[in-house]
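Start at 1 and go down the list; that is how both ligands and their atoms are numbered. Side-chain atoms are counted along with the backbone in the values below, which use heavy atoms only and exclude waters and symmetry mates. What you see is a predicted model, and the numbers here were worked out from it, not measured in a lab.
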Amino acid sequence: MSRKVADLLWEMLANAGVKRCYGIVGDALNPVIDGLRRNGRIEFIHVRHEEYGVFAAVAEAYLTGNPVAVCGTAGPGVVHLFNGLMDARKEGAPVIAIAGDVETRLIDTSSLEELNPYKFFETASLYTGRLVNPEQARSIINTAILTAVLEKGPTVISIPGDVAAADAADHFAEITIPTEPVLRPSDADLNRLVKMIDEAKTVAIFGGEGCRDAHDEVVQLAGRLKAPVGYSFRGKQWLEHDNPNAVGMTGLLGYGGAYSAIHEADLLLLLGTDFPFTEFLPGARVKKVQIDKNPKHLGRRTAVDLGLVGDVKTTVAALLKTVRIKGDDHFLEKHIAGTNSFHDLLQHYVEKGPEIKPIRPEFLAATLSDLASDDAMFFADTGTACIWLARHIKGGRNRRLFGSFSWASMANAAPNAFGAQLAYPGRQTIALCGDGGFTMLALGDLLTQVQRKTPVVQIILNNESLDFVNIEQQEAGIIPFGVEFKNPNFAKVAEAMGAKGIRVEDPSDVRDGLAEALAYKNGPVVVDAVVDPFALALPSHVPFHTVKGFTLSVAKQVWGGKMDEVIKTIERNVRLV
Ligand SMILES: Cc1ncc(C[n+]2csc(CCOP(=O)(O)OP(=O)(O)O)c2C)c(N)n1
């Protein structure tokens, strides 16, 4: 049989390291998927919602660094891919979308399911190729793969069914993927940086995702400079563990001494971070140097005194050879002490947790951290799950923590965990889900996990509210609105769907319930944890407008007759408010 365009597509994707394609078949996509079936080297993961498939692919691609395929058929199927592709773009995950397209004879006639892929994918995709002629195939597929892997983000190949089924013009399916290039600033710029560091009395470091493979270098540099090390949510897993200078996170989820350390230093080194919350970064009083592989990141969140293009590992390794050791550790000690005392505050609800009902999420998350294995992978839904995981999951060299940290979509955690489990079978994968997030996207595809017997642990923070928004609205001085809803017993729902269901209502059941969930290996588990909807989590630094907003919202709620809810919020957060 002659080789079709679809055959070339899957052969090239398989040669590039694609192991799975997540999606839903049908219509324009059928001839494309027929090629996947013939090829046999890529596993098709049939999900119930295309978006779920993309979030799974994002986690797999982010964690492994390998490209992962997703697919959806022309029009509505393609549209369902979009939110996940935006997530891939923001989280830097090499996801290649195979988008079904209407037959070439129908293009630009507004036919059924027709959609212009260039216009539609413009915001999400780093490269979109519309394969309307078999002669283009090798070139388009090659560019889509290399762009996704090397620029770390989503690309799209839009294929009309008739082209997928046509004979391939080119039969060369080999593809070479270069490993990460080494990138460091020029010697002249490095010398300027060394001079700035040597002249500064105190230095603080703030790192992000760009520190992914630079833990040892950054920790060594911090040790030499007696510099406290703070991090963004994306930097936490790379910098917090095995680091005596770690001082926690700043920002809305902040804890520890990070905020004060980076504001009080003479010089701040921003390493591989595009941290977006400018109000939590210091102003002109603190000199700032930023080092990042991506030149677009330099100076865009805050003005910097020196911006250098380089990967953190290589650049810091070069610095280590020349930078002078600082002897005075008073600055470091002060911020480590601040970190420890904030830690004591955080422990309040962990220690008191066994006696407090409804269950405090802090206690739940800390117990989870305790019980999980050293190489567990944790996934946080956008919502309060991020706060509890950021603050209470202890990192480790082999632990992973991932979520929609830069795109901030709801409903990512369960599919993320599913994709991670497929990539690393048998390794503990734990999704901390909001009840809003879980019912938004994860419920239908729980069936996918059941069918595949995928051992993913999904813990639902059952607070019967969009709690993060509830907090947001109060911070903005607004009366909470549109945030409440009613839930079923999720453990029973899970059991009815063929998963293991565990309901935890009493704090005394938390440890056993979680331990049972983590020990279960025969398929998915849903832990329905009934938690306190009034748990508040204020950042380590509370901006003035937040205090003002809360006061205003509380006042409005009291005037509006919601005194009982105000009292509950205050009563249940006495140590934090
Ligand atoms: C797709 C999407 N819709 C809406 C939002 C706005 N949003 C952010 S967090 C949140 C609430 C999440 O609620 P839930 O999943 O129940 O988690 P909780 O905060 O209660 O723990 C909402 C609505 C979003 N980020 N993404």
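Checking Ser373 against Gln428 by side-chain atom types alone, a donor-acceptor pair falls below 3.5 Å. Counted by atom type alone, Asn470 and Gln474 present one or more donor-acceptor pairs between their side chains at under 3.5 Å. A donor-acceptor pair shorter than 3.5 Å cannot be found between the side chains of Glu151 and Tyr127.
Protein heavy atom at the shortest distance from atom 19 (O) of ligand 1 is Phe468 N, 2.9 Å. For atom 17 (O) of ligand 1, the nearest non-hydrogen atom of the protein is Gly434 CA, 3.5 Å. Looking at atom 14 (P) of ligand 1, its nearest protein heavy atom turns out to be Gly436 N, 3.6 Å. Here the protein heavy atom with the shortest distance to atom 15 (O) of ligand 1 is Gly437 N, 2.8 Å. Looking at atom 25 (N) of ligand 1, its nearest protein heavy atom turns out to be Ala408 O, 2.8 Å. Regarding atom 26 (N) of ligand 1, its nearest protein heavy-atom neighbour is Met410 N, 3.1 Å.
Tested against Asp274, the residues Lys90, Arg234, Arg300 include a single side chain to side chain donor-acceptor pair (under 3.5 Å) partner, Arg300.
Salt-bridge check for Lys19 with Glu60: failed, with every basic side-chain N at 4.0 Å or more from each acidic carboxylate O. Between Asp528 and Lys492 there is no salt bridge, since none of the side-chain N atoms of the basic residue sits less than 4.0 Å from a carboxylate O of the acidic one. A salt bridge links Arg452 with Glu43: the closest approach of a Lys/Arg side-chain nitrogen to an acidic carboxylate oxygen falls below 4.0 angstrom. A salt bridge is defined here as a Lys NZ or Arg NE, NH1 or NH2 lying under 4.0 Å from an Asp or Glu carboxylate O, and Glu464 with Lys486 meets this definition.
Considering backbone and side-chain N/O atoms, Asn463 comes within less than 3.5 Å of an N/O atom of ligand 1.
Between the choices Val469, Val483, Val531, the shortest heavy-atom distance to atom 8 (C) of ligand 1 belongs to Val469. In this comparison of Asp435, Thr384, Thr382, Ile471, the heavy atom closest to atom 16 (O) of ligand 1 sits on Asp435.
Contacts of Asp381 with ligand 1, taken as heavy-atom pairs under 4.0 Å, are absent altogether.
Short contacts between ligand 1 and Asp467, defined as distances under 4.0 Å to a heavy atom of the residue, involve ligand atoms 18 (P), 19 (O), 20 (O).
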